[in-house]
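Data first, discussion second: the structure below is written as C-alpha cells.
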There are 2 protein chains.
Amino acid sequence: MRPEGRSMRESILAAAVHLFAQYGYHAAPLRDIARMAGIQAASIYHHYPNKQALLIEIMETYMVRLNASLEHVLKEYDDPLQRLHEAIANHIRMHTTYKEEFFIIDTEMRALEDEHKAQIISLRDKYEALLQELLQDGMERGVFRQCDVKVASYAIIAMCTEVATWFRPDGRLSVQQVITSYRQFIAEGLLTTSGITHMPDERAHLL
Amino acid sequence: MRPEGRSMRESILAAAVHLFAQYGYHAAPLRDIARMAGIQAASIYHHYPNKQALLIEIMETYMVRLNASLEHVLKEYDDPLQRLHEAIANHIRMHTTYKEEFFIIDTEMRALEDEHKAQIISLRDKYEALLQELLQDGMERGVFRQCDVKVASYAIIAMCTEVATWFRPDGRLSVQQVITSYRQFIAEGLLTTSGITHMPDERAHLL
DNA sequence: GTCTATATCGGGATAGAC
DNA sequence: GTCTATCCCGATATAGAC
C-alpha cells in the first residue's frame, strides 16, 4: 500500500461499496463515487489505477476475511456439530455485518475481467472446501448422516448467504434468533421428529 | 400482443435472455442483442419500445409461470409433506430448466426502473406467500415442527434457487438425484437421527 | 493530492428511406 | 419490418496546471 493518503483511499472504497451494491458495478458512475468521497472523478486515479481495481479490492479483502474467520472456527473447535454451529453463526454474522461487500461478491462476479476473476473464484472455492472438510469429517465421525458433502455445502452457503438480503437489525428477529433458527433447520430439518409422526387419521378428513 | 412478427419478437427476447444472463443488463449492448437476433439495433424498436421492456418481459413471464406451477402443486396435492416435496421438485426443475431467465430475475432487480419494479416484486412476494401457506398448513397439521415460516420459506427458496448456478445436466448428479438430496436435507436435516448418536469415545482420541 | 479541461469511446434511441 | 445514418449523452480515462 502507499505510504500516505490512506484515508481518502478508504473513503473512495467505501463510496464504491455503497454504489456498487446499490446500482451495480456497471451502473455506478465513477463520478458518483468521487462525489460521495468528496473529490473529483479524475482524483480517484491518484489512488486507484481504474474502476476495476475498486471492485477487485472489495472482493478480495472480504473473501480473505471470510476465509480467515472460518479457518479460525475450524482451529478453535473440534466437535463436528459445534463446528457446524459456529460456521453457520460466523457465515451469517459476516454476511449481515458486511452486507454490501458480500452482496457485491455474490452479484458482480460477471463484472470481473478475466485476469482477476480466477483469483476471486479460487478464494470462493477455498471457502467451500473448508466447509466441505468440516462436513466430511462430521460424516466420517458419524455425527452427520451420509450425504453428498458438496451439495450440502452449497445448500448451507446459499441459505445462510441469503439471510443478508432480508435481515434488518431493527426487525422482528435478532441476529442470534436467526442463527438459532438456521442451526436447527440445517441440523434437524423441518419435519416433526417426535414419535407421533403425522396423525394421518386427523388429516384424512381434509382430503 | 401484436398480430404478426411473433417470431422475430421471440428471437430478440431469446438473445436478450442470453446476453443479460451472461454479461448483466447494463453490460449487454442492444447492438449485440440485435446481432444475435440477426437484425440491426434500430429494428428492435419496431418490436419493443426500449431495452427496459425486454427485461420486464423476461422477468414477468417467468415469475408468472413459476407462480402458476406452484399453485398447480398446491391444488393437486393435500398432504403437507408431499406438497413440500413437489414444491421443492418444481422449484428446482423450473430454475434448472429456465436457468438464464431465473438468474436474470435474481440478479437484475436493481436494473428495473421504479414503475415496474413494484410489479415484479409483488409477483415474487406472491410466490413466497404460497410457500409460506404450505408451511403454515403443515405446521398446524403437526407434520412440520414449530418454526418461523417466513424464515423457513426464505431458506428453502434460497437453497433451491442456487442449485441452478452449479447444476450441470451432464454432471455427476441427475436433477432427480439433486431433488432427492434437497428433499431429505430440508425435511430431516444433516444430523444422524439413529439411536447411535455420536460415539463420543471413538472421537475422544482425535482431540 | 486535487483540480479543470478534455479526449475518446460506446451506449440507447430516433429519423426517415426502402 | 428492416435498413442506414445519426443524434445525443454519459461513461472511463488522460493531460497538465496548481
Side-chain angles (χ1 to χ4, degrees), chain A residues 1-59 104 107-108 110-117, chain B residues 1-59 104 107-108 110-117:
Chain A
M1 324 292 177
R2 290 86 190 268
E4 302 298 315
R6 171 67 59 105
S7 187
M8 179 49 80
R9 224 185 110 86
E10 288 182 354
S11 294
I12 293 166
L13 204 70
V17 165
H18 284 309
L19 294 173
F20 288 173
Q22 185 160 10
Y23 301 108
Y25 176 77
H26 291 292
L30 220 48
R31 285 178 173 87
D32 290 1
I33 294 170
R35 184 169 348 108
M36 189 172 278
I39 53 172
Q40 293 298 312
S43 305
I44 289 181
Y45 291 86
H46 177 75
H47 303 276
Y48 293 93
N50 49 44
K51 189 183 181 182
Q52 179 82 191
L54 292 167
L55 183 61
I56 293 159
E57 177 135 332
I58 294 163
M59 289 191 169
I104 291 167
T107 57
E108 297 295 351
R110 287 178 297 188
L112 282 172
E113 289 154 22
D114 288 341
E115 311 90 78
H116 303 99
K117 189 182 274 184
Chain B
M1 326 291 174
R2 289 89 188 266
E4 303 298 316
R6 170 68 58 105
S7 188
M8 178 50 79
R9 224 185 111 86
E10 288 183 354
S11 294
I12 293 166
L13 203 70
V17 165
H18 283 309
L19 294 173
F20 289 173
Q22 183 161 11
Y23 301 109
Y25 176 76
H26 291 292
L30 220 46
R31 285 174 171 84
D32 290 3
I33 294 170
R35 184 169 348 107
M36 189 171 279
I39 52 172
Q40 293 298 313
S43 305
I44 289 181
Y45 291 86
H46 178 74
H47 303 276
Y48 294 92
N50 49 44
K51 190 182 182 182
Q52 178 83 191
L54 292 167
L55 183 61
I56 293 159
E57 177 135 333
I58 293 163
M59 289 190 168
I104 291 167
T107 56
E108 296 296 351
R110 287 177 299 188
L112 281 173
E113 290 154 20
D114 288 340
E115 312 91 74
H116 303 98
K117 190 183 273 185

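FYI, side chains are in, hydrogens and waters are out, and symmetry mates aren't considered; it's all heavy atoms of this structure. Chain A is the first sequence line, chain B the second, and so forth, proteins listed ahead of strands; every chain is numbered from 1.
Between the CG atom of B:Asp32 and the P atom of C:dA13 there is a distance of 15 Å, rounded to whole Å. Protein atom CG of A:Leu30 is 16 Å distant from nucleotide atom P of D:dG10, rounded to whole Å. Atom P of nucleotide D:dT6 and atom CD of B:Gln40 are separated by 15 Å, given to the nearest angstrom. One can place CZ of A:Arg9 at 13 Å from P of C:dT2, the figure rounded to the nearest angstrom. Rounding to whole angstrom units, CZ of residue B:Arg35 and P of C:dG10 are separated by 12 Å. When rounded to the nearest whole Å, the span between NE2 of A:His46 and C1' of D:dA13 equals 16 Å.
Distances from the side chain of A:Ile39 to the nucleotides C:dT2, D:dT14, D:dT2 place C:dT2 closest. The side chain of A:Ala42 lies closest to C:dT4, out of D:dA13, C:dT4, C:dT2.
Among the atoms of the strands shown, none is found under 4.0 Å from any heavy atom of A:Ala27. The residue B:Ala37 sits apart from the nucleic acid: no heavy atom pair falls under 4.0 Å.
Below the 3.5 angstrom threshold, one finds a donor paired with an acceptor across the side chain of B:Arg31 and the base of C:dG12.
A salt bridge is defined here as a Lys NZ or Arg NE, NH1 or NH2 lying under 4.0 Å from an Asp or Glu carboxylate O, and B:Glu108 with A:Arg110 meets this definition.
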side-chain contact (heavy atoms from CB on, under 4.5 Å) between B:Glu57 and B:Arg9, worked out: CA-CA 11 Å; B:Glu57 177 135 333; B:Arg9 224 185 111 86; 2.8 Å; yes
